[in-house]
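A quick write-up on the structure given underneath.
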Amino acid sequence: MNDNATWMQRDLASLWHPCTQMKDHETLPVTPIRSGKGVWLEDFEGRRYLDAISSWWVNILGHANERINERIKTQLDTLEHVILSGFTHQPVIELSERLGRLAPEGLGHCFYADNGSSAIEVALKMSYHYWHNQGRPEKRRFLTITNGYHGETLGALSVGDVAIFTDTYRSLLLDVIKVPAPDGFGLPRDQWVDQARAAFAHMEAALERHADELAAVIVEPLIQCAGGMRMYPPEYLTWLREACDRHNVQLIFDEIAVGFGRTGTMFACEQAGVRPDYLCLSKAITGGYLPLSVVMTTDEIYAAFYDDYATLRAFLHSHSYTGNPLACAAALAMLDILEDDDVIATNRDKSARIEQVTAPLREHPQVGDVRQTGMVVAIEMVKDKTTLEPYDFRERRGLKVFQHAMSRGAMLRPLGNVIYWMPPYVITPEEIDFLGEVTREGLDLATGQ
């Protein structure tokens, strides 16, 4: 039988799902998805679910986008894959040129990988190797902010700070310096800059103390996504760029989750008017179709590896599917749509609608914060609204929201006590209103209101 129950049984007999305690599925059904179109996913029994989180933040232009489909089909008939060491192809060249025009000026070279975690590994290794090639091997440590998340390979975990991901592997991780994050949790927007300035004092002190051993600082610009969608103002990035320059430390921006219009500009760092030494991109780069990531870096850094073979200064890092032509074709189609349809400008009206719909939730007795940056909004449930005391994670309040939303036809997947929306850009005002209703209902149910 081609129904949900049959696919669930076959799934649980053979799969091990990511980010999942599999024992949960003794009582919490896996949802088999048969098809998708626009913001909607459909299971094998015809039930539909609004994809409010863009399927892990990747599907920005909707499922089964006809223009991306066609670009991939055309590429499929020409070239599906070729090794990128010593060979090249049209889509990867065109994508690299285009990214170079779109990104902050000076990021003229693209190094490709398969996924976000791999991009972080590339950036960390490249920064360390740069200093090694410069005769400064002592510059080998990294500095970051608390509550960050950069992926789940060991290097990426090392520079992250979300305990549920890192604690088990602590003894395997690099020795990374961490300073308090600048997020404005629980504060009105007009106080975010003051909060960030106070937090930056810790960053400045760490740079002053450790500059001689630091390779780079790494941060997620504007939104710490997996850390509960905590947000901070662009001024912090401006101060950080200036301080890194002053202390001769490189700067890595992890825009894997926030690039390509999610924060209201093509890249989040544009809002600070600064350029990193390494810009890491993935997730939305192919519109949610295929794995691809890229690290963009400067001519100066590229030149530090450019030498005769025998010097062993080359960056000998590789992935089998580096710069895959099908993924690059999808990325080019995604960029065409963003540009041709002026999507980022159109998103401003949708962001305003999201703000209008979620603003009343600030008055909810168990909501400690409602925060928004561009097409991301987060509603944080708290046990005590006055003190912002959180609910115990073992109560799994977010799971109750998820279960209610699924029963109503929406895929909301809270991060602990944080309900968030990160929808495809093709969402309509009416669908935003629907998400507002479902979120309010789920919030009331989860907090006993």
May I ask you to check whether over 12 heavy atoms, not counting those of [X], lie within 6.0 Å of atom [atom1]?
X      : atom1 : result
Ile164 : CD1   : no
Arg396 : CZ    : no
Lys178 : NZ    : yes
Glu105 : CD    : no

Should [X] and [Y] count as side-chain neighbours, where that means a heavy-atom distance under 4.5 Å?
X      : Y      : result
Val438 : Arg440 : no
Met229 : Gln224 : no
Thr286 : Met334 : no
Leu399 : Leu28  : yes
Met406 : Gln403 : no
Cys269 : Pro104 : yes
Leu143 : His210 : no
Trp7   : Val30  : no

Does a salt bridge link [X] with [Y], judged by any charged N lying under 4.0 Å from a carboxylate O?
X      : Y      : answer
Lys400 : Glu395 : no
Lys37  : Glu66  : yes
Arg67  : Asp341 : yes
Lys350 : Glu355 : no

Exam field: side chain [X] to backbone [Y], donor-acceptor pair closer than 3.5 Å:
X      : Y      : result
His89  : Leu84  : no
Thr439 : Leu435 : yes
Thr144 : Val219 : no
Arg397 : Ala446 : yes
Thr20  : Met22  : no

inquiry  = Checking Glu255 against Lys283 for the salt bridge (Lys or Arg N to Asp or Glu O under 4.0 Å) test, could you report, in this order, the C-alpha distance in whole Å, the side-chain angles of both residues, the deciding distance, and whether it holds?
reply    = CA-CA 9 Å; Glu255 293 220 19; Lys283 287 194 181 289; over 6 Å; no
query = Where does the angle between the aromatic ring planes of Tyr321 and His81 fall among parallel (under 30°), tilted (30 to 60°) and perpendicular (over 60°)?
reply =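 If you compare the ring of Tyr321 with that of His81, the planes turn out tilted.
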From [atom1] ([X]) to [atom2] ([Y]), nearest 0.5 Å:
X      : Y      : atom1 : atom2 : result
Ile145 : Phe200 : CD1   : CZ    : 11.0 Å
Ile223 : Arg262 : CD1   : CZ    : 8.5 Å
Ile432 : Thr358 : CD1   : OG1   : 10.0 Å
Gln195 : Tyr232 : CD    : OH    : 13.0 Å
Leu251 : Asp277 : CG    : CG    : 6.0 Å
Cys110 : Glu97  : SG    : CD    : 10.0 Å

Between [X] and [Y]: side-chain donor-acceptor atoms closer than 3.5 Å:
X      : Y      : answer
Trp40  : Ser35  : no
Tyr391 : Thr447 : no
Asn65  : Tyr289 : no
Trp57  : Tyr420 : yes
His150 : Glu220 : no
Thr153 : Glu121 : yes
Thr346 : Asp342 : no
Glu42  : Tyr49  : no
Trp192 : Glu235 : no
His319 : Asn115 : no
Asp11  : His17  : yes
Ser14  : Arg10  : no

message = The test is side chain to side chain contact (heavy atoms under 4.5 Å, CB included); show your working for Lys73 and Leu76 and say whether it passes.
response = CA-CA 5 Å; Lys73 289 174 184 176; Leu76 187 61; 5.5 Å; no
Option passing side chain to side chain contact (heavy atoms under 4.5 Å, CB included) with Met231 (candidates Thr263, Asp183, Asp369, Thr373) =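 Going through the options one by one, the only one that passes is Thr373.
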Considering all heavy atoms of both residues, which atom of [X] and which atom of [Y] are nearest to each other, and what is their separation?
X      : Y      : answer
Phe434 : Ala410 : CE2-CB, 4.1 Å
Asp161 : Asn147 : OD2-N, 2.9 Å
Ala113 : Val122 : CB-CG2, 4.4 Å
Gln372 : Ser351 : NE2-O, 2.9 Å
Ser127 : Gln250 : OG-OE1, 2.8 Å
Pro424 : Ser54  : N-OG, 3.0 Å

request  = May I ask you to check if Arg230 and Phe185 form a cation-pi contact, with NZ or CZ under 6.0 angstrom from the six-membered ring centre and within 45° of the axis?
outcome  =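 Verdict for Phe185: a cation-pi partner in Arg230.
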ask   = Going through the distances and angles, do Arg353 and Asp433 end up as a salt bridge (Lys or Arg N to Asp or Glu O under 4.0 Å)?
value = CA-CA 8 Å; Arg353 183 66 164 250; Asp433 293 347; 2.7 Å; yes
ask   = Could you go step by step and tell me if Thr6 and Gln9 meet the side-chain hydrogen bond (donor to acceptor under 3.5 Å, both in side chains) rule?
value = CA-CA 5 Å; Thr6 300; Gln9 292 169 3; 5.3 Å; no
task = Show the numbers, then the answer: is there a side chain to side chain contact (heavy atoms under 4.5 Å, CB included) between Arg34 and Asp43?
result = CA-CA 5 Å; Arg34 175 175 58 187; Asp43 68 19; over 6 Å; no
inquiry  = Pair Leu281, Met296 - check side chain to side chain contact (heavy atoms under 4.5 Å, CB included), show working.
reply    = CA-CA 8 Å; Leu281 304 168; Met296 302 186 69; 4.0 Å; yes
request  = Assess whether side chain to side chain contact (heavy atoms under 4.5 Å, CB included) is satisfied between Val217 and Met203, documenting all intermediate values.
outcome  = CA-CA 10 Å; Val217 174; Met203 175 65 75; 4.0 Å; yes
inquiry  = Looking only at the aromatic ring of each residue, does the gap between the centers of Tyr278 and Phe253 stay below 6.0 angstrom?
reply    =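 Not close enough - the centres of the two rings lie 6.0 Å or further apart.
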